[in-house]
Amino acid sequence: MGLKVKKIFVSIKNRTKRTMIDGSECSDGIEVNNDPKISKLEKIVTRMSFMELAKATSHFSQDHEIGKGMLGKVYKALVPNGWNVAIKRLNASENLEEEFVSEITILGSLRHQNLVPLIGFCVERDERLLVYKYMPNGNLHEWLHTTDDKAKLLDFPLRVKIAVGVAKALAWLHDGGNFHVVHSYISTQSILLDENFDPKISNFWEATLERQNDMDSSMCLLPLVDSLDFTSYKKDVYRFGVVLLELLTRKESYQLSCSSLNLSSSSFASTLDVDKVLLGQGFDAMILQLLELASNCMKFIPNQRPTMLQVYLTVAAIS
């Protein structure tokens with residue numbers, strides 16, 4: 001297929017036209033829950049029954065609820081094939097078609113050891129559900145910010161392991177070969193932890209994808225752009241720097257912005273309050289190296305920040 005892929009925007013809310021893989025345009029007003037659209041989503045991940053998901057969660061009872069995010073509530077369930085899954089039920093009161101489709105078409109199309117597996121979705125009437133592999137250790141934010149006892153379990157080698165995994169995934173997303181993805185929303189809330197505390201990036205509903213090679217027509221719902229600009233990649237780098245500082249200081253992300261830190265100061269590392277759990281354990285020199293890396297990631301001018309590949313190689317070398 002030699003046709004150039006043009007911009008494709010999933011714009012259900014605004015009822016705009018979408019450019020298809022063959023260069024033709026979808027007519028205005030086509031809903032995502034029409035059969036042709038669903039068929040395309042089904043080629044990416046498995047479509048699941050609302051009745052089965054409701055039954056698995058005792059009709060979305062509070063006993064099964066394990067979290068609440070910006071898009072909706074999350075429930076733990078055991079599905080008929082014996083898998084433990086996390087079911088995200090999107091808020092019915094909000095129009096979240098674009099976010100829903102983006103999560104399926106981007107995360108559902110990607111396979112990496114540090115991305116959370118999306119294994120299914122459900123569309124029935126006004127219901128929109130996403131089904132993921134269950135991550136038994138929740139998200140990184142909870143471990144860092146709920147109690148001191150939980151944070152103590154995250155020793156320095158484990159925190160570095162998490163940083164390495166996240167950096168590796170972002171480097172792969174940015175330059176995966178025949179695609180380039182900017183996550184746009186990396187935070188400790190979007191980093192999930194499996195039974196071995198291996199990090200898994202989630203929440204791809206604001207992600208942007210550039211695909212260079214020819215693509216299958218079944219993927220025409222992908223929110224493609226002709227090219228991702230330089231600053232888009234550097235946004236992920238900045239947010240990774242914030243995550244790295246959270247790992248080292250246990251400060252909330254809003255306390256770690258450029259406006260609250262003098263990142264150009266040579267005394268940057270010494271002015272930060274490193275988590276006391278990490279100090280005096282023989283890792284102080286490595287902590288200083290990581291603080292310096294975080295400050296480079298968070299430089300105010302985007303082109304002064306390193307690439308995610310450079311960040312990954314640096315963190316991996318420190319570990």
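Computation of the quantities below employed the complete heavy-atom set of this structure, encompassing side-chain atoms and omitting hydrogens, waters and symmetry-equivalent molecules.
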Assess whether salt bridge (charged side-chain N to carboxylate O under 4.0 Å, His left out) is satisfied between Lys161 and Asp198, documenting all intermediate values.
CA-CA 7 Å; Lys161 171 186 175 180; Asp198 288 317; 3.2 Å; yes
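- With hydrogens and angles ignored, the 3.5 Å screen pairs no side-chain donor or acceptor of Ser58 with any backbone N or O of Ser61.
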Legend entry - Derivation of the ring pair (Phe, Tyr, Trp, His ring centres under 6.0 Å) call for Trp205 and Phe100: CA-CA 7 Å; Trp205 46 274; Phe100 178 74; over 10 Å; no
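- The local environment of NZ in Lys133 is sparse, with at most 12 non-hydrogen atoms from other residues, nucleotides or ligands closer than 6.0 Å.
- Side chain of Asp275 to backbone of Leu278: no donor-acceptor contact under 3.5 angstrom is found.
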Inset, instruction - Apply side-chain contact (heavy atoms from CB on, under 4.5 Å) to the pair Ile104 and Val45, showing each step before the final yes or no. - result: CA-CA 7 Å; Ile104 295 172; Val45 293; 3.8 Å; yes
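- Side-chain atoms of Asn139 never come within 3.5 Å of backbone atoms of Leu192 as a donor-acceptor pair (strictly under, hydrogens ignored).
- Taking 4.0 Å as the cut-off between side-chain N and carboxylate O, Asp148 and Arg250 count as a salt-bridged pair.
- Met298 contributes atom CE, which lies 11.5 Å from atom CG of Leu293 (distance to the nearest 0.5 angstrom).
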Dump the intermediate steps for salt bridge (charged side-chain N to carboxylate O under 4.0 Å, His left out) on Arg128 and Glu97, then the final yes or no.
-> CA-CA 8 Å; Arg128 301 288 183 271; Glu97 296 287 5; 2.7 Å; yes
ask   = Can you list the steps and then say if Leu290 with Val160 is a side-chain contact (heavy atoms from CB on, under 4.5 Å)?
value = CA-CA 9 Å; Leu290 291 175; Val160 174; 4.0 Å; yes
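- A side-chain donor-acceptor contact under 3.5 Å links Gln310 to the backbone of Thr307.
- With Thr188 as the fixed residue, the side chain to side chain donor-acceptor pair (under 3.5 Å) test singles out one of His141, Glu246, Glu252: Glu246.
- Checked by atom type and distance alone, the side chain of Ser102 never pairs as donor or acceptor with a backbone atom of Glu98 at under 3.5 Å.
- Between Glu127 and Arg89 there is a salt bridge, since a side-chain N of the basic residue sits under 4.0 Å from a carboxylate O of the acidic one.
- Around the NZ atom of Lys150, the shell of radius 6.0 Å holds more than 12 heavy atoms that belong to other residues, nucleotides or ligands.
- In this structure, Trp172 and Phe179 have perpendicular ring planes: the angle between them is above 60°, well past the 30° mark.
- With hydrogens and angles disregarded, a donor-acceptor distance shorter than 3.5 Å links the side chain of Ser202 to the backbone of Ser190.
- Remark: the backbone N or O of Leu247 is paired with a side-chain donor or acceptor of Arg159 at under 3.5 angstrom.
- By the 30° and 60° cut-offs, the orientation of the rings of Tyr75 relative to Phe60 is perpendicular.
- Residue Phe50 qualifies as enclosed at atom CZ: its count of foreign heavy atoms under 6.0 Å is above 12.
- Judged by distance alone, the side chain of His112 and the main-chain N or O of Ile201 form no donor-acceptor pair under 3.5 Å.
- Between the side chain of Thr146 and the backbone N or O of Trp143 there is no donor-acceptor pair closer than 3.5 Å.
- Residues Ile119 and Trp83 have side chains in contact (heavy-atom distance under 4.5 Å, counting atoms from C-beta outward).
- Atom CG of Asn303 has more than 12 heavy atoms from other residues, nucleotides or ligands within 6.0 Å.
- No side-chain heavy atom of Val166 sits less than 4.5 Å from a side-chain heavy atom of Asn114.
- Each of Phe121 and Met48 belongs to its own hydrophobic cluster when Ile, Leu, Val, Met, Phe, Trp and Tyr are linked at side-chain heavy-atom distances under 4.5 angstrom.
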- Message: side-chain contact (heavy atoms from CB on, under 4.5 Å), that's the test. Do Arg305 and Phe240 meet it? Break it down for me.
- Response: CA-CA 11 Å; Arg305 302 169 195 164; Phe240 176 82; over 6 Å; no
